[in-house]
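Here the structure is laid out as structure tokens; the discussion comes afterwards.
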2 protein chains.
Amino acid sequence: MVQYAQALDASFAALSDATRRGVLERLGRADASITDLAETFDMTLTGMKKHVGVLEQAGLVTTEKIGRVRTCKLGPRRLEEAAAWIERFRELWDARFDELDQVVEELKKRSKSR
Amino acid sequence: MVQYAQALDASFAALSDATRRGVLERLGRADASITDLAETFDMTLTGMKKHVGVLEQAGLVTTEKIGRVRTCKLGPRRLEEAAAWIERFRELWDARFDELDQVVEELKKRSKSR
DNA sequence: CGCATACTGAACCATATGGTTCAGTTTATG
DNA sequence: CATAAACTGAACCATATGGTTCAGTATGCG
């Protein structure tokens, strides 16, 4: 259960940066080298490499170095867990709000009778 | 579009901590005071207050202080955006993998004809 | 070989994060 | 009124994050 939590930590943390979300979208269109990505997001090679490292660590991206070039591509579908967490939580959330809706209805009735 | 990105940053960042995810789940069951939450997660009041602050900042939680007690409850459904981003991305992801399947097929054909 | 390309690693920097303690303030309650 | 409870804010700490520069290493190409 702890590992599961850590995986979620890593996934959500990886998604919490706009540049990294952009990289994921970019890689959704086509594989790219570090240089490609660095240029697209106007950043140094070193900086982009760190972002890719974070994504790779989270399992969202895989990379392979062939010759001089490291090619980045989308990794296995690690977002399933994150999506599942949100989904599970939304159900809970909805249940909670349904409860609140009832309270609101109750208040409306009361204000009318005043 | 920038605000939208920042909202996503905040949502995902808020979810990237196991304690905060736990707080959300806890609040899904019932509203709670800072003291309640601090005890549940074995943490100082001050520490918990910071976590609640992060969740509130991200719009995932709202709080109201009545008398001495600040009551925390789930906020408006801010996770919709986050869920939507992941969902949109998953479609892209699936498309990408389908595409790759096609490329693989293409390569198989070529290698046969060579 | 010689040079350019593509990446890598170390070091550095400013700021953020996750936590603490300690010293208040405000609000019950006996 | 006195004391306890519940929170708040400031200060501090260690570590992480997001970025840079600089100095390499490894590879491809003419």
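The chains referred to below are lettered A, B, ... by the order of the sequence lines, with proteins before strands, and numbering in each begins at 1.
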For the residue pair [X] and [Y], what are the closest heavy atoms and their distance?
{"X": "R68(B)", "Y": "K65(B)", "answer": "O-CE, 3.6 Å"}
{"X": "L37(B)", "Y": "C72(B)", "answer": "CD1-SG, 4.1 Å"}
{"X": "M48(A)", "Y": "I34(A)", "answer": "CG-O, 4.0 Å"}
{"X": "F12(A)", "Y": "L15(B)", "answer": "CD1-O, 3.3 Å"}
{"X": "A32(B)", "Y": "L27(B)", "answer": "N-CD2, 3.7 Å"}

Just grab all the ring-ring contact (aromatic ring centres under 6.0 Å, His included) pairs involving residues 45-89 of chain B, residues at least two apart or on different chains.
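Of all non-adjacent pairs touching residues 45-89 of chain B, those that pass ring-ring contact (aromatic ring centres under 6.0 Å, His included) are W85(B)-F89(B), F89(B)-W93(B).
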Quick one: [X] [atom1] to [N] [atom2], roughly how many Å, whole number?
{"X": "D36(B)", "N": "dA5(D)", "atom1": "CG", "atom2": "P", "answer": "15 Å"}
{"X": "D9(A)", "N": "dT17(D)", "atom1": "CG", "atom2": "P", "answer": "11 Å"}
{"X": "M43(B)", "N": "dT20(C)", "atom1": "CE", "atom2": "C1'", "answer": "11 Å"}
{"X": "E39(B)", "N": "dC7(D)", "atom1": "CD", "atom2": "C1'", "answer": "13 Å"}
{"X": "F12(B)", "N": "dT17(C)", "atom1": "CZ", "atom2": "P", "answer": "16 Å"}

Partners meeting side-chain hydrogen bond (donor to acceptor under 3.5 Å, both in side chains) with E81(A) (sequence neighbours left out):
none
All pairs passing salt bridge (charged side-chain N to carboxylate O under 4.0 Å, His left out) where residues 5-26 of chain A contributes a residue, at least two apart
D9(A)-R21(B), R21(A)-D9(B), E25(A)-R88(B)
Using 0.5 Å steps for rounding, measure from the CG atom of D31(A) to the CG atom of L74(A).
7.5 Å
Here the residues of residues 45-58 of chain B within 4.0 Å heavy-atom distance, strictly under, of DNA chain C are T46(B), G47(B), K50(B), H51(B)
Contact residues, residues 16-23 of chain B to DNA chain C [heavy atom, < 4.0 Å]
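D17(B), R20(B) - these, ordered by number, are the residues of the stretch whose heavy atoms sit under 4.0 Å from the strand.
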Side-chain N or O of R70(A) less than 4.0 angstrom from OP1 or OP2 on dA6(C)?
no
Distances for protein N or O near nucleotides 25-30 of chain D N or O, under 3.5 Å:
none

Quick one: which residue pairs count as a side-chain hydrogen bond (donor to acceptor under 3.5 Å, both in side chains) with a foot in residues 34-43 of chain B, not counting sequence neighbours?
S33(B)-D36(B)
Less than 3.5 Å apart, which donor and acceptor atoms pair up between the side chains of residues 53-63 of chain B and the rest of the protein, not counting sequence neighbours?
residue, atom, partner, partner atom, Å
E56(B), OE2, T63(B), OG1, 3.0
T63(B), OG1, R70(B), NH1, 2.8

